[in-house]
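Working notes, structure below.
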Amino acid sequence: MSVRVRIAPSPTGYVHVGNIRAALFNWLYARHTGGTFILRIDDTDVERSDVEYEDDIKAGLRWLGLDWDEGVDVGGPHGSYRQSDRFDHYREVAHDLVARGLAYHDPRSPEELEELRKVAQSEKRHPNYYIRRPDTPATTGPIRFSVPQDAPVEFDDMVRGDMRFEAGAVDDFVILRSDGVPTYHLASVTDDVDYRISHVARGEDLLPSTPKHILLTKAIGGSVPTYAHLPLLFGPDGKKLSKRHGDTSLRAYREGGYLPQAMMNFLATLGWSIGADRTVFTVAEAIESFDLVDVSKNPAVFDLDKLAWINGEYIRAQDPEDFEAGARTEIERSMGRSLAADDWERFRSISGLVQERTKFMVDIPDQVRFLFEEVAADDDSWAKVMDKEGVAEVLSAASSRLSGLDTWDTESIEGALRGMLEDLEIGARKGLQPLRVAVTGSVVSPPLFESMAALGSESVLARLDAAGRRLAGS
RNA sequence: GGUCCCGUCGUCUAGUGGUCUAGGACGCCGGCCUCUCAAGCCGGUAACGCCAGUUCGAAUCUGGUCGGGACUGCCA
């Protein structure tokens, strides 16, 4: 039997990294087994669903390279792959269940049900002990599935092993709301059956719902898929990763200077390991060795420090041309203008040095802004190195040394400035920092000689001069 | 309260009865390199929640206990 897996996100918010991790595992499993990866949109909650969010989901998947074989946009043999298009079908399924005596209309009010739950709780019974089929049949109210009480529900979960739920612990859940809209349980199970889903790999938060899904699947005559419940992603505080922890939406990382390959790699290490001594690996390698049965049972904390490190690893490993192209995008966006030819050349002459020290793509503009426009030294940098004894001498000595240069390149600049250090009998640290601040506007910058070479003699000399004047004036 | 899940360094994990005085990675600390910042290199820090039991032998098996978590809706 061929593997058919799906992800079924609800478009009720920007796609969460936890859902993306689940998508990744499903995708890896499909690619590893040569199976089919399906994208279905679970938009039964019409109130909260929005196309903007569906677009966000698709954009996120595309960004990461998680291509789907069937589903929204790409189509397939099973219709639209959007649940809101199939409401009539779900209603038929629900009413058919009622006709066969496997489900029933529940005429009780929410208040009555609430009361029953309270009673059950006070008696320390299963909370839904009393939420069962009333003695007298009704024809109005939401439709509940009548949970068979004769046998426990058992299944073998690919990550958790043998699972067993007592029938009495499963409540008669609603499958069709009184307004005729199907619930998640009905729509999801119906689709999984119709689409011939073979494996359902989803978050562990759905584990308690699984017995319901199995029972429903059997009731509508489908074959039960193999389940794999993935460990949840936690925030630093050990609670389910949520908005409270800041950036839980994939979009935040897409816009935050992270490389998609780095994100993929990081997500793959959460709950899965490719081997004892490896952390960084390619997508192809992950596909090669991934299997749902190897997924860990325990929850994983989403560690931003490690993500940042992996991102740096990927940035340094990028092809120089790719890095430059990505950097250009960031720089132009930050500066609000496109780079002129000479701007671009200046950047390219030190791009290798920038690549080595970039952790996030969005940090690039600040590192090289001095190449494109005049930069005023920030107060901290100025106070730290310029308000010191002998700085004026350093500035003028450097200026005269540099202005006498015939060739303007890294070697000659370094030669000139080393000579200056000897003349002044001061160390490199003390003698070069003022020049760095004067030229780049900051105590932190790419290497000085290369930066000067890239900027050009005219600008360098002018900035040294300007710094000297600012020093004299203060 | 109930049902269910989980428990190896701060974090992600390797580990399936002996090769574990528990390995790797991030982080952190120290050093080297060095024009700043990174990167790189070297070294260090730090864990089998606890108690019984099984066994010649347990991180690995069993029971209990403690701790954490998810679910408990006409949301998904």
Side-chain angles (χ1 to χ4, degrees), chain A residues 8-10 12 42-45 47-49 106 110 113-114 117-118 120-129 141-144 157 160 163-166 168-171 173-185 187-188 202-211 229 231-232 234 236 238-240 266 269-280 296-310 312-313 316 353-359 367 381 385 414 417-418 421 427-433 435-437 440 442-451:
Chain A
S10 292
T12 54
D42 276 18
D43 57 349
T44 51
D45 187 345
E47 289 295 308
R48 297 193 298 145
S49 293
D106 184 355
L113 294 168
E114 181 59 28
R117 289 195 180 92
K118 274 188 188 147
Q121 183 163 135
S122 70
E123 293 178 358
K124 297 192 177 187
R125 291 184 181 281
H126 297 303
N128 296 294
Y129 184 76
I143 295 177
R144 281 183 193 280
D157 190 283
R160 262 143 244 285
M163 286 300 115
R164 176 193 169 96
F165 289 80
E166 296 303 327
V170 182
D171 59 301
F173 54 101
V174 172
I175 56 176
L176 194 72
R177 289 179 269 227
S178 51
D179 61 1
V181 174
T183 63
Y184 156 77
H185 299 299
S188 179
R202 69 219 317 190
E204 193 200 329
D205 50 339
L206 264 347
L207 189 53
S209 292
T210 304
H229 285 92
L232 260 20
F234 282 2
K239 295 270 168 51
K240 188 176 175 181
F266 173 63
T269 66
L270 265 25
W272 182 69
S273 168
I274 198 168
D277 300 339
R278 300 203 59 194
T279 303
V280 179
S296 160
K297 297 185 212 295
N298 20 335
V301 171
F302 194 85
D303 182 3
L304 287 172
D305 283 334
K306 192 158 190 173
L307 207 208
W309 170 76
I310 289 181
E313 290 284 303
R316 287 189 291 279
L353 298 170
V354 175
Q355 184 170 2
E356 284 176 35
R357 51 209 87 211
T358 297
K359 212 159 208 151
Q367 291 186 70
S381 294
V385 321
E414 172 158 14
L417 294 179
R418 295 274 181 212
L421 294 177
R429 184 179 298 260
K430 193 172 176 207
L432 265 24
Q433 278 302 82
L435 305 183
R436 185 189 309 284
V437 172
T440 72
S442 169
V443 288
V444 176
S445 82
L448 185 62
F449 310 133
E450 287 83 350
S451 293

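By convention in this document, chain letters (A, B, ...) are assigned in the order of the sequence lines, proteins followed by strands, and residues within each chain are numbered from 1.
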Whole angstrom is fine here: how far is it from [atom1] in [X] over to [atom2] in [N]?
X: A:Ile274; N: B:rU13; atom1: CD1; atom2: P; value: 15 Å
X: A:Asn298; N: B:rC6; atom1: CG; atom2: P; value: 9 Å
X: A:Ile143; N: B:rG73; atom1: CD1; atom2: P; value: 20 Å
X: A:Arg144; N: B:rU72; atom1: CZ; atom2: C1'; value: 13 Å
X: A:Asp179; N: B:rG73; atom1: CG; atom2: C1'; value: 14 Å
X: A:Phe165; N: B:rA70; atom1: CZ; atom2: P; value: 16 Å
X: A:Gln367; N: B:rU36; atom1: CD; atom2: C1'; value: 12 Å
X: A:Arg160; N: B:rC6; atom1: CZ; atom2: P; value: 6 Å

A:Arg164 and A:Glu166 ion-paired at < 4.0 Å: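 The answer is yes: the pair qualifies as a salt bridge.
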Could you measure between the two [atom1] atoms, the one in [N] and the one in [M], and give it in whole Å?
N: B:rU62; M: B:rG67; atom1: P; answer: 22 Å
N: B:rG49; M: B:rA22; atom1: P; answer: 15 Å
N: B:rG27; M: B:rU13; atom1: C1'; answer: 15 Å
N: B:rC6; M: B:rA47; atom1: P; answer: 25 Å
N: B:rC66; M: B:rA52; atom1: P; answer: 16 Å
N: B:rC4; M: B:rG63; atom1: P; answer: 15 Å
N: B:rG30; M: B:rA46; atom1: P; answer: 16 Å
N: B:rG18; M: B:rC9; atom1: C1'; answer: 24 Å

5'-most by nearest nucleotide on RNA chain B - A:Asp106 or A:Asp305: A:Asp305
5' priority, RNA chain B, between A:Leu176 and A:Leu432 [closest heavy atom]: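 In this pair, the answer is A:Leu432.
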N/O donor-acceptor pair, side chain [X] with base [N], under 3.5 angstrom:
X: A:Lys359; N: B:rA38; value: no
X: A:Arg436; N: B:rC35; value: yes
X: A:Lys297; N: B:rC6; value: no
X: A:Ser178; N: B:rC74; value: yes

Touch class at under 4.0 angstrom, heavy-atom based, for A:Pro231 against every strand present: nothing
Touch class at under 4.0 angstrom, heavy-atom based, for A:Ser10 against every strand present: sugar-phosphate
With both distances under 3.5 Å as the test, what is the Watson-Crick or G-U wobble partner of [N]?
N: B:rC26; result: B:rG10
N: B:rG40; result: B:rC32
N: B:rG49; result: B:rU65

Main-chain N/O of A:Gly141 paired with A:Asp106 side-chain donor or acceptor, under 3.5 Å: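 Checking the backbone N and O of A:Gly141 against the side chain of A:Asp106, no donor-acceptor pair under 3.5 Å is found.
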Positive for side-chain contact (heavy atoms from CB on, under 4.5 Å) with A:Pro447, one of A:Arg436, A:Glu414, A:Arg357, A:Glu356: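 When A:Arg436, A:Glu414, A:Arg357, A:Glu356 are each tested with A:Pro447, the side-chain contact (heavy atoms from CB on, under 4.5 Å) holds only for A:Arg357.
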Nearest to side-chain heavy atoms of A:Glu313, which nucleotide of B:rA25, B:rG40, B:rC37: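 Selected nucleotide (nearest to the side chain): B:rG40.
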Side chain of A:Thr44 - closest among B:rU36, B:rC74, B:rA76: B:rA76
Between A:Gln367 and A:Thr358, a side-chain donor and acceptor under 3.5 Å: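 A:Thr358 and A:Gln367 do have a side-chain donor-acceptor pair below 3.5 Å.
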A:Thr269 side chain to A:Arg278 side chain, donor-acceptor N/O pair below 3.5 angstrom: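 There is no such pair (donor and acceptor under 3.5 Å, judged by atom type) between the side chains of A:Thr269 and A:Arg278.
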